[in-house]
Amino acid sequence: MEITRLSPDDEVGCADAVAVMNASAKVDCPESLLPTPRGYANSLRYGWDLDPPRAYLARDTDGTAVGLLSADAPTYDNTNLVWLGVDVHPDYRNRGIGAELVAYGEALAAELGRTSLGASSWDLPKSEAFAQRHGFERKATAVNRRQDIANLDWAVVQKLYDDAVAASTAYELLKVTGPLPEELLEGMVTVTESINDAPKDDLDIEDDAYSPERLRAYEQAQLKSDRSLYRVIAREKSTGALAGHSTITVEHERPHIGEQNDTAVSRDHRGHRLGALLKSAMLLWMRDQEPALTQLDTWNAESNNHMIAINEQLNYRVIARALEFQKKL
């Protein structure tokens with residue numbers, strides 16, 4: 001077996017990588033949201049915020065793609081960490097390919113001077129057993145939920161919005177498409193940092209570090225990846241302070257698919273139903289702005305009861321649970 005780093009310019013390699021992911025998901029998590037080859041190439045080129053992950057494709061002696069390793073080595077924060085993802089084509093499992101990919105990722109982390117290794121997998125008995133065999137400990141659980149917008153009861157959304165408006169009269173909403181206006185940038189750094197209050201459970205990780213430059217990098221990465229970027233921002237009327245935001249992206253290649261990138265409320269402004277206000281306002285906006293949008297995916301820590309309660313009011317259903325593991329090198 002040969003393991004080689006995958007370039008975003010390698011069209012055949014990216015198509016083979018997506019084929020491995022699709023075959024794996026068909027067995028492990030059929031409803032999971034996976035990229036197209038074009039979308040996958042963009043993720044390798046731009047990442048989430050111009051800090052892209054590495055990917056390594058494993059081929060057998062015939063050149064058939066049999067496995068895929070992703071390795072995310074953050075540079076903005078958590079610079080001691082590499083986060084791994086491993087996919088093995090179902091036709092080639094139980095041959096040691098997964099173990100070889102993990103060993104490759106561990107060697108890469110050591111080469112980069114990282115001291116902590118993380119990994120995610122679907123919540124399956126075999127996944128946890130595999131992780132434990134390689135010295136990983138389970139640290140957290142995340143849940144993927146999906147909203148069926150095509151069958152959404154808009155009366156429920158409108159009531160949630162109306163009730164939230166009544167509870168948040170000290171605030172107004174701003175709607176921004178694409179990059180933030182310069183005058184909002186500094187305030188949005190503080191709002192975005194609020195995501196650090198979300199549960200980390202037992203993961204040994206630092207808070208995410210944000211700056212105006214990183215927010216601009218996030219915008220560039222999403223737009224360069226052929227996605228529309230939408231934000232709804234809550235602002236306190238009396239002070240002009242930004243209090244919270246909700247952000248989604250919608251694919252151009254598949255305009256029926258959207259992803260909830262973030263919803264956060266600054267701790268000084270909680271208790272006014274701003275989370276419900278932001279999410280319901282976003283949905284009402286998208287009904288007019290993105291009429292082809294039929295599904296919206298979101299991820300939360302399983303222990304994030306407050307945000308999950310809002311999602312459940314908005315007709316989100318659980319797609320899958322993902323287990324998160326960690327080990328020290």
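All values reported here derive from a predicted model rather than from experimental measurement. By convention here, the first residue in the shown sequence is residue 1.
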Presence of salt bridge, [Y] and [X], under 4.0 angstrom:
{"X": "E213", "Y": "R216", "result": "no"}
{"X": "R5", "Y": "D10", "result": "no"}
{"X": "R317", "Y": "E31", "result": "yes"}
{"X": "D72", "Y": "R54", "result": "no"}

Does atom CD (E253) have a neighbourhood of more than 12 heavy atoms from anything else shown, all under 6.0 Å?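 Counting neighbours around CD of E253, more than 12 heavy atoms of other residues, nucleotides or ligands fall under 6.0 Å, so yes.
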Does CG belonging to D153 count more than 12 external heavy atoms closer than 6.0 Å?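 Count over threshold, so yes.
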Without swapping roles, check the side chain of [X] against the backbone of [Y] for a donor-acceptor pair under 3.5 Å.
{"X": "R95", "Y": "D91", "value": "yes"}
{"X": "Q326", "Y": "D204", "value": "yes"}
{"X": "D62", "Y": "T64", "value": "no"}
{"X": "T239", "Y": "A241", "value": "yes"}
{"X": "N80", "Y": "S116", "value": "no"}
{"X": "S266", "Y": "D268", "value": "no"}
{"X": "Q295", "Y": "H256", "value": "no"}
{"X": "S168", "Y": "Y171", "value": "no"}
{"X": "K327", "Y": "A131", "value": "no"}
{"X": "N78", "Y": "L81", "value": "no"}

Side chain proximity check, [X] to [Y], heavy atoms < 4.5 angstrom:
{"X": "R267", "Y": "S194", "value": "no"}
{"X": "L173", "Y": "R235", "value": "no"}
{"X": "L124", "Y": "D28", "value": "yes"}

Passing option when Y218 is tested against Y46, W48, Y76 for ring-ring contact (aromatic ring centres under 6.0 Å, His included):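 With Y218 as partner, Y46, W48, Y76 yield a single ring-ring contact (aromatic ring centres under 6.0 Å, His included), made by W48.
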L296 and R146: CA distance, side-chain angles, deciding distance, side chain to side chain contact (heavy atoms under 4.5 Å, CB included) verdict: CA-CA 6 Å; L296 185 62; R146 179 170 300 156; over 6 Å; no
Can you name the residues that form a side-chain hydrogen bond (donor to acceptor under 3.5 Å, both in side chains) with R59, not counting sequence neighbours?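 So R59 forms a side-chain hydrogen bond (donor to acceptor under 3.5 Å, both in side chains) with D16.
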Inter-residue atom distance T192.OG1 - L215.CG, 0.5 Å rounding: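 Spacing of OG1 (T192) from CG (L215) equals 4.5 Å.
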If you compare all heavy atoms of S24 against all heavy atoms of P90, which two are closest, and at what distance to 0.1 Å?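 Shortest heavy-atom contact: N-CD, 3.8 Å.
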Return the minimal non-hydrogen interatomic distance between W285 and R231, and the atom names on each side.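 Closest pair (atom of W285, atom of R231, distance): CZ3-O, 3.5 Å.
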Whichever hydrophobic residues join V18 through chains of side-chain contacts under 4.5 Å: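 ILVMFWY cluster around V18 also holds L6, V20, M21, L34, Y40, L44, L57, L68.
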Can you list, by chain and residue number, the hydrophobic cluster partners of F325 when the side-chain cut-off is 4.5 Å?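 Result for F325 is M1, I3, Y56, V66, L69, V82, L84, V86, V88, Y92, I97, L101, V102, Y104, L108, L112, L117, F130, F136, L323, L329.
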Before you tell me yes or no, could you show the steps for S228 and H252 under side chain to side chain donor-acceptor pair (under 3.5 Å), namely the whole-Å CA-CA distance, both residues' side-chain angles and the distance that decides it to 0.1 Å? CA-CA 7 Å; S228 295; H252 294 171; 3.0 Å; yes
So is R145 actually on top of W299's ring, under 6.0 Å and inside 45° of the axis?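 Not satisfied by the 6.0 Å and 45° rule.
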